[in-house]
Amino acid sequence: MSSSFAAFAQTSGATTSASLTYPQTRRVDQVDTYHGTRITDPYRWLEDDRSAETTQWVKAQNQVTFDYLSKIPYRSQLQQRLEEVYNYPKYSAPVRKGDWFYFYKNDGLQNQSVLYRQKSLNGTPEVVIDPNTLSPDGTTRLVEFELSKDGKYAVVGFSEGGSDWQKFRVMDLTTKQYLPETIDWVKISNAAWQGNGFYYSRYPKPEGSALAAKNENHQVFFHTLNTPQSADRLVYEDPKNPQRFHLVRTTDDERFAILSISDRGQGKDGNALYALDARSTKPAFEPVVTEITDYTYSVVDNDNDRLIISTNEKAPNGKVLAYDTKRKAFATLIPEKPEPIAEGGVNAAGGKLFVEYAKDVTSRVYVYAYNGKLENEIEMPAIGSVSGFGGEKDDSYVFYNFSSFTFPPTIYRYDIATRKSTVFRAPEVNFKPADYETKQVFYTSKDGTKVPMFVTYRKGVKLDGTNPTLLYGYGGFNISLPPSFNALLVPFLEQGGIYAQANLRGGGEYGEKWHEQGMKLKKQNVFDDFITAAEYLISQKYTSPQKLAIRGGSNGGLLVGAVMNQRPDLFRVAIPQVGVMDMLRFHKFTIGWNWIADYGSSENPEEFKALYAYSPIHNIREGANYPATLITTADHDDRVVPTHSFKYAATLQHAYKGSNPVLIRIDTNSGHGASNTKKNLETMADIYSFILWNMGVTSLQEPAKE
């Protein structure tokens with residue numbers, strides 16, 4: 001790729017109405033050549049997140065956006081209602097370690113959940129870590145808490161301001177005091193205990209901007225307690241392949257350390273696997289799966305000398321294998337089924353395997369012995385999604401969390417011996433689930449593929465095409481969108497709103513084949529699925545183009561940006577959040593190269609053509625009547641760097657000459673997701689206000705009283 005760069009004095013300052021004027025955004029004569037195609041990039045300077053000019057641009061854009069939002073008369077009313085429905089105690093399922101049970105609790109509106117522990121399930125809780133005390137604005141998050149086998153120590157990981165960078169400390173659980181060492185520059189890592197220390201992964205200290213610099217040479221170290229980070233032992237690195245991930249986990253008994261190596265930057269979707277047996281006379285990482293292909297392998301636990309591995313090797317829906325570390329041989333424990341194993345859906349506890357399958361995007365859970373024998377199904381309370389089932393080998397019961405769109409997250413205790421589930425904790429949410437209903441529908445996409453979608457609304461809503469409707473999607477990276485509860489949807493539903501969640505190709509809803517149909521050269525299938533979902537909602541009179549909003553985040557932000565370019569006539573409002581908007585340069589920032597396995601790369605001629613054909617920034621058309629658009633991002637997003645949204649907003653503001661607002665909301669001290677509860681509620685209040693206001697809603701209905 002060749003490039004030329006020269007600035008010239010051209011600005012964009014489109015006016016959408018007499019009352020809304022955008023800041024001028026300087027344009028430069030940046031031209032790149034990709035495989036013979038010359039492509040302009042007039043806002044390249046916005047990629048420098050540390051420049052004074054970018055800082056001033058952000059300030060000016062926010063001034064316009066928040067001035068606009070402040071004039072919506074019910075904005076504060078919506079935020080108040082969001083606070084009311086979100087203000088209920090939220091618990092995680094407890095995790096047992098020895099005599100202690102650890103769990104998280106948020107009283108309701110705390111910025112961060114607090115980590116507690118108690119002796120026995122009926123004991124008195126005591127605070128272990130309260131992240132709310134760690135920063136004045138409550139944006140320092142507790143992102144890692146990994147207990148040692150004996151429960152005496154824990155690795156504690158903190159993230160500041162929404163960044164993906166983490167800082168590790170070690171806490172003595174006897175005194176709840178930290179040991180003297182601090183571990184910096186941790187990213188894409190877990191903590192894996194073995195003996196008197198733990199494995200972790202990190203990058204070298206970045207050069208330049210810590211929030212935008214490309215991250216390469218992922219290293220694995222072993223840290224011994226009560227020693228400085230400078231003394232940590234380098235366990236593994238591969239500088240010849242700087243874009244590989246290297247992650248180590250240990251089995252429940254700490255006998256095996258498992259090294260997983262992936263290379264998505266080279267377009268490979270799977271991983272290699274190595275195992276170190278601590279009981280060996282000369283412990284070293286020995287190959288289990290040597291080559292990195294498109295097959296994934298994840299060690300669930302060990303059964304003496306055998307490793308139990310979840311994989312999709314020659315099984316797109318997943319299966320479970322046993323690997324004999326002495327004989328170096330594989331055997332099938334649980335063969336592939338017609339339904340896919342859910343992502344992370346194989347867990348071990350109490351000497352059993354708990355396997356979650358997804359049948360039409362809803363959870364089914366089965367219990368297996370370690371020899372692969374099916375013992376029973378765990379009956380779910382309704383159609384919905386489930387998580388949990390992890391624990392220690394000597395546990396006699398496990399916990400799981402179940403929820404659905406109108407079923408608030410409820411924690412159940414499952415007794416392994418009796419095979420019975422009982423409610424452990426049920427939340428009290430300020431809304432009436434019986435007043436709402438969810439339907440799963442199937443519609444036919446452009447190429448004839450049947451695609452599922454969940455539609456939720458208040459009972460009695462008339463399907464006459466006049467309902468404000470929010471269509472949400474993702475469609476990528478093998479990530480599924482199962483039915484789950486979100487209290488922040490309630491205020492929108494109370495206004496007669498309809499919420500639709502489409503399960504697009506590219507996700508994992510129907511296994512690896514479903515994922516592959518939305519990758520690389522087939523990415524257009526994802527957009528076709530989303531467009532057809534909108535057309536279905538309109539044809540079935542749920543809504544109309546004048547009352548339909550679309551929303552998505554990250555890869556879903558890309559989805560919204562691409563679809564509103566292709567079919568702006570279908571939507572009244574678009575909310576692209578923290579989106580990947582420049583498909584030609586995404587791999588040049590932080591860990592963006594990791595997405596090549598799903599997207600492809602502009603450095604590949606064939607993949608370049610596909611990327612260029614839908615890249616949101618490069619397909620904005622002058623003369624198109626774009627929907628009212630609210631772009632959201634944050635200054636500490638070091639996953640999808642905010643320059644994607646900056647350049648997209650500048651391009652759209654320059655090209656669009658219509659009357660609909662095109663605004664960008666740039667949060668501060670926040671990241672790829674809201675860094676605390678307060679920011680999350682503020683963002684959602686602004687999104688709902690923007691949607692409803694641009695659909696012509698001038699006042700809100702009063703919510704039904706309990």
Side-chain angles (χ1 to χ4, degrees), residues 90-107 110-121 123-136 138-202 220-233 235 247-254 257 390-392 395 399 675-676:
K90 305 167 190 69
Y91 291 85
S92 72
V95 173
R96 184 183 70 86
K97 183 64 73 169
D99 294 333
W100 291 99
F101 288 86
Y102 290 83
F103 62 95
Y104 292 92
K105 180 190 177 186
N106 190 307
D107 288 340
Q110 289 176 287
N111 275 319
Q112 306 292 338
S113 295
V114 179
L115 178 64
Y116 293 87
R117 69 176 179 180
Q118 63 190 54
K119 283 195 172 181
S120 81
L121 290 176
T124 301
E126 63 179 49
V127 173
V128 180
I129 301 172
D130 183 357
N132 297 289
T133 65
L134 301 178
S135 59
T139 60
T140 296
R141 297 176 297 147
L142 173 60
V143 292
E144 181 78 15
F145 184 79
E146 187 66 33
L147 290 154
S148 60
K149 179 65 177 173
D150 59 9
K152 186 176 180 181
Y153 297 99
V155 178
V156 181
F158 296 105
S159 165
E160 298 178 353
S163 170
D164 281 347
W165 288 113
Q166 299 177 31
K167 187 186 298 289
F168 277 4
R169 303 289 307 273
V170 181
M171 176 177 280
D172 183 331
L173 271 308
T174 303
T175 63
K176 290 193 288 187
Q177 299 296 311
Y178 290 106
L179 301 187
E181 58 261 40
T182 299
I183 298 172
D184 292 313
W185 303 114
V186 178
K187 184 185 274 194
I188 317 296
S189 180
N190 47 269
W193 284 94
Q194 195 171 59
N196 66 336
F198 56 90
Y199 299 93
Y200 69 94
S201 304
R202 58 158 290 184
V220 178
F221 287 88
F222 186 86
H223 176 78
T224 302
L225 296 185
N226 291 300
T227 64
Q229 183 175 11
S230 59
D232 290 355
R233 173 169 54 92
V235 173
L247 290 166
V248 172
R249 298 188 182 275
T250 48
T251 52
D252 181 67
D253 60 4
E254 294 188 6
E392 305 279 306
D395 282 339
F399 296 92
S675 57
N676 64 24

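A quick note: this is a predicted structure, and the numbers were derived from the prediction, not measured.
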Euclidean distance, [Y] [atom2] relative to [X] [atom1], rounded to 0.5 Å:
| X | Y | atom1 | atom2 | value |
| --- | --- | --- | --- | --- |
| N196 | H223 | CG | NE2 | 9.5 Å |
| Y153 | L147 | OH | CG | 13.0 Å |
| Q177 | R169 | CD | CZ | 10.0 Å |
| T133 | N111 | OG1 | CG | 12.0 Å |
| T182 | K167 | OG1 | NZ | 6.5 Å |
| Q229 | R202 | CD | CZ | 5.0 Å |

Looking at every heavy atom in both [X] and [Y], which two are closest together, and how far apart are they?
| X | Y | answer |
| --- | --- | --- |
| N106 | S113 | CB-OG, 3.5 Å |
| G195 | E254 | N-OE1, 3.0 Å |
| I188 | S201 | O-CB, 3.8 Å |
| S675 | G161 | CB-C, 4.2 Å |
| T224 | D232 | N-OD1, 4.4 Å |
| G98 | R96 | O-NH1, 3.2 Å |

Heavy atoms, side chains only, cut-off 4.5 Å: are [X] and [Y] in contact?
| X | Y | value |
| --- | --- | --- |
| P180 | N226 | yes |
| F101 | V95 | no |
| N190 | E146 | no |
| Y178 | V156 | yes |
| V248 | Q194 | no |

Practice prompt. Test L142 against L134 for side chain to side chain contact (heavy atoms under 4.5 Å, CB included), laying out the working first.
Written response: CA-CA 10 Å; L142 173 60; L134 301 178; over 6 Å; no

Practice prompt. Pick out which of F222, F221, W193 makes a ring pair (Phe, Tyr, Trp, His ring centres under 6.0 Å) with F198.
Written response: W193

Fill in: Listed partners of Y102 passing ring pair (Phe, Tyr, Trp, His ring centres under 6.0 Å), at least two apart
F145

Item to complete: Quick one: list whatever passes ring pair (Phe, Tyr, Trp, His ring centres under 6.0 Å) with F168, sequence neighbours left out.
Response: none

Practice prompt. State plainly whether the residues D253 and K149 are in salt-bridge range, i.e. N to O under 4.0 Å.
Written response: no

Discussion item. Give me each pair satisfying side chain to side chain donor-acceptor pair (under 3.5 Å) with a member in residues 155-165, each pair once, sequence neighbours excluded.
Written reply: R141-S159, S163-D638, D164-R639

Worksheet entry | side chain to side chain contact (heavy atoms under 4.5 Å, CB included) assessment of I129 paired with M171 | CA-CA 10 Å; I129 301 172; M171 176 177 280; 3.7 Å; yes

Item to complete: Using the side-chain contact (heavy atoms from CB on, under 4.5 Å) rule, pick out the option among Y116, W100, F399, Y104 that qualifies with P94.
Response: F399

